[in-house]
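Inspection log for the structure reproduced underneath, given as structure tokens.
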There are 2 protein chains.
Amino acid sequence: MNTSPWNKQKVLEVLRDAGVNPTSQRVEIGYALFSSCAHLSAEEIMQRVNADYPVVSKATVYNTLGLFAEHALVREVIVEPGKVFYDPNVSAHYHFYYVDSGDLIDIPASSLEISNLPELPPDTEIERVDVVIRIRRRSTH
Amino acid sequence: MNTSPWNKQKVLEVLRDAGVNPTSQRVEIGYALFSSCAHLSAEEIMQRVNADYPVVSKATVYNTLGLFAEHALVREVIVEPGKVFYDPNVSAHYHFYYVDSGDLIDIPASSLEISNLPELPPDTEIERVDVVIRIRRRSTH
DNA sequence: ATATGTGCAAAGGTTTTGCAGGCTG
DNA sequence: CAGCCTGCAAAACCTTTGCACATAT
């Protein structure tokens, strides 16, 4: 039996359910993304997909991840200029970011409460609330 | 009399107090940044500095803004991959980000309360807490 | 046959690097 | 004059675009 919750057939179904045409490139990218529990950069995803032989171009990795994000299959986490992570966890949650190592750690939404949110500008609605707690190794004085 | 709180002499003093050698390029960039109350991109800052004739190169704008950020003279606000704003307000505060127009609006720290912060990983300390509330024009159904 | 969708090479934009020239002690 | 600092041209990097090819009606 297969101990992993993900296989390519399941990815295919998830894409179709989300309204994304499940082409082979998209299934490969989705598999690399979902079967990892980590926060991956576009570069890392491409390396995994193309580990054995070239399967997708970099442009397709970017375009596909953008498409997944539109369909709420993945969440973009922006931590540095030119450094986007793709987080397969799309439920509401926040992040610790290790400034030194570049690692990203989830904070469950239940662990952090935001209150007294100010009134939104007129005729606007919230798309998302991003919270990144930037931490560093405590300096040894 | 001068009605603006900023002039180049004052910028020079602020740089020196922060431990940044106040070269002419840095004073020009600092003046463009501090005398504006807006959130400017590196590109916009360069346009202001070089409005009349070339004063600094793009590389120097980037390097100088990075230097200012290290010395807490400016705060980098990252809202999109490859889109950094420089915010002369370095006190604790948060941001609304208009997804559609790219505008950024300050939220005073007093307007938003974060509680139940989870325990930090061992031997780490908070550098900064970034909160970006991404908003969009409400769709007209 | 026409229209729509897809993947990628090439282009575009942003940020970093490496080094020539200047300044300081 | 030796060593450090500064500014910038060029390089590197990340992301988007435009188009050729494929697929569906």
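The model shown is predicted, which means the values in this text are computed figures rather than measured ones. In what follows, chains carry the letters A, B, and so on, assigned in the order in which the sequence lines appear, proteins first and then strands, with residues in each chain numbered from 1.
Side-chain atoms of B:Phe96 and B:Leu104, non-hydrogen and from C-beta on, never get closer than 4.5 Å to each other. Taking the side chain as every heavy atom from C-beta outward, B:Tyr94 and B:Ile133 never approach each other to under 4.5 Å.
The terminal axes of the helix from C:dA1-D:dT25 to C:dG25-D:dC1, fitted over 5 pairs per end, subtend an angle of 0° to the nearest 10°.
Residues B:Leu73 and B:Val49 share a single hydrophobic cluster, defined by chaining ILVMFWY side chains whose heavy atoms lie under 4.5 Å apart. Under the 4.5 Å side-chain contact rule for hydrophobic residues, A:Phe85 and A:Val131 do not share a cluster.
Residues forming a salt bridge (Lys or Arg N to Asp or Glu O under 4.0 Å) with B:Asp123 (at least two apart in sequence, or on another chain): A:Arg138. With sequence neighbours excluded, the residues that form a ring pair (Phe, Tyr, Trp, His ring centres under 6.0 Å) with B:His95 are B:His39, B:His93.
Annotation: proximity of residues 16-35 of chain A to DNA chain C (heavy atom, distance under 4.0 Å) is found for A:Asn21, A:Thr23, A:Gln25, A:Arg26, numbered in ascending order. Within residues 60-74 of chain B, the residues that have a heavy atom under 4.0 Å from DNA chain C are, in order of number, B:Tyr62, B:Asn63.
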Identify all side-chain donor-acceptor contacts of residues 55-62 of chain A below 3.5 Å with residues at least two apart in sequence or on another chain.
unit_1	atom_1	unit_2	atom_2	d
A:Ser57	OG	A:Thr60	N	3.3
A:Ser57	OG	A:Thr60	OG1	3.3
A:Lys58	NZ	A:Glu43	OE1	3.2

When the side chains of residues 25-33 of chain A are checked against the rest of the protein, which donor-acceptor pairs come out under 3.5 Å, sequence neighbours left out?
unit_1	atom_1	unit_2	atom_2	d
A:Arg26	NH1	A:Asn21	O	3.0
A:Glu28	OE1	A:Lys8	NZ	3.3
A:Glu28	OE2	A:Lys8	NZ	3.3

List the atom pairs, with distances to 0.1 Å, where a side-chain N or O of residues 107-120 of chain B and a protein N or O form a donor-acceptor pair under 3.5 Å, not counting sequence neighbours.
unit_1	atom_1	unit_2	atom_2	d
B:Glu113	OE1	A:Asn116	ND2	3.3
B:Asn116	ND2	A:Glu113	OE1	3.3

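Under a 4.5 Å side-chain heavy-atom cut-off, the cluster of Ile, Leu, Val, Met, Phe, Trp and Tyr residues that includes B:Val90 has no other member.
Within the structure, the salt bridge (Lys or Arg N to Asp or Glu O under 4.0 Å) test picks out no pair touching residues 91-103 of chain A (sequence neighbours left out). Annotation: salt bridge (Lys or Arg N to Asp or Glu O under 4.0 Å) contacts involving residues 74-95 of chain B, sequence neighbours excluded, comprise B:Arg75-B:Asp130, B:Glu80-B:Arg134.
Atom-to-atom, NZ of A:Lys83 to P of D:dC14 comes out at 7 Å; the value is rounded to the nearest Å.
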>> Set out, in order, the CA-CA distance, both residues' side-chain angles and the distance that settles side-chain contact (heavy atoms from CB on, under 4.5 Å) for A:Arg48 and A:Ile45, then state yes or no.
In response: CA-CA 5 Å; A:Arg48 287 175 187 230; A:Ile45 290 168; 5.8 Å; no
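Remark on DNA chain D: of its neighbouring residues B:Gly82 and B:Val56, the 5'-side contact belongs to B:Val56, judged by nearest-heavy-atom nucleotide.
A nucleotide of DNA chain C counts as in contact with chain B when one of its atoms lies under 4.0 Å from a heavy atom; the first and last such, 5' to 3', are C:dT14 to C:dT17.
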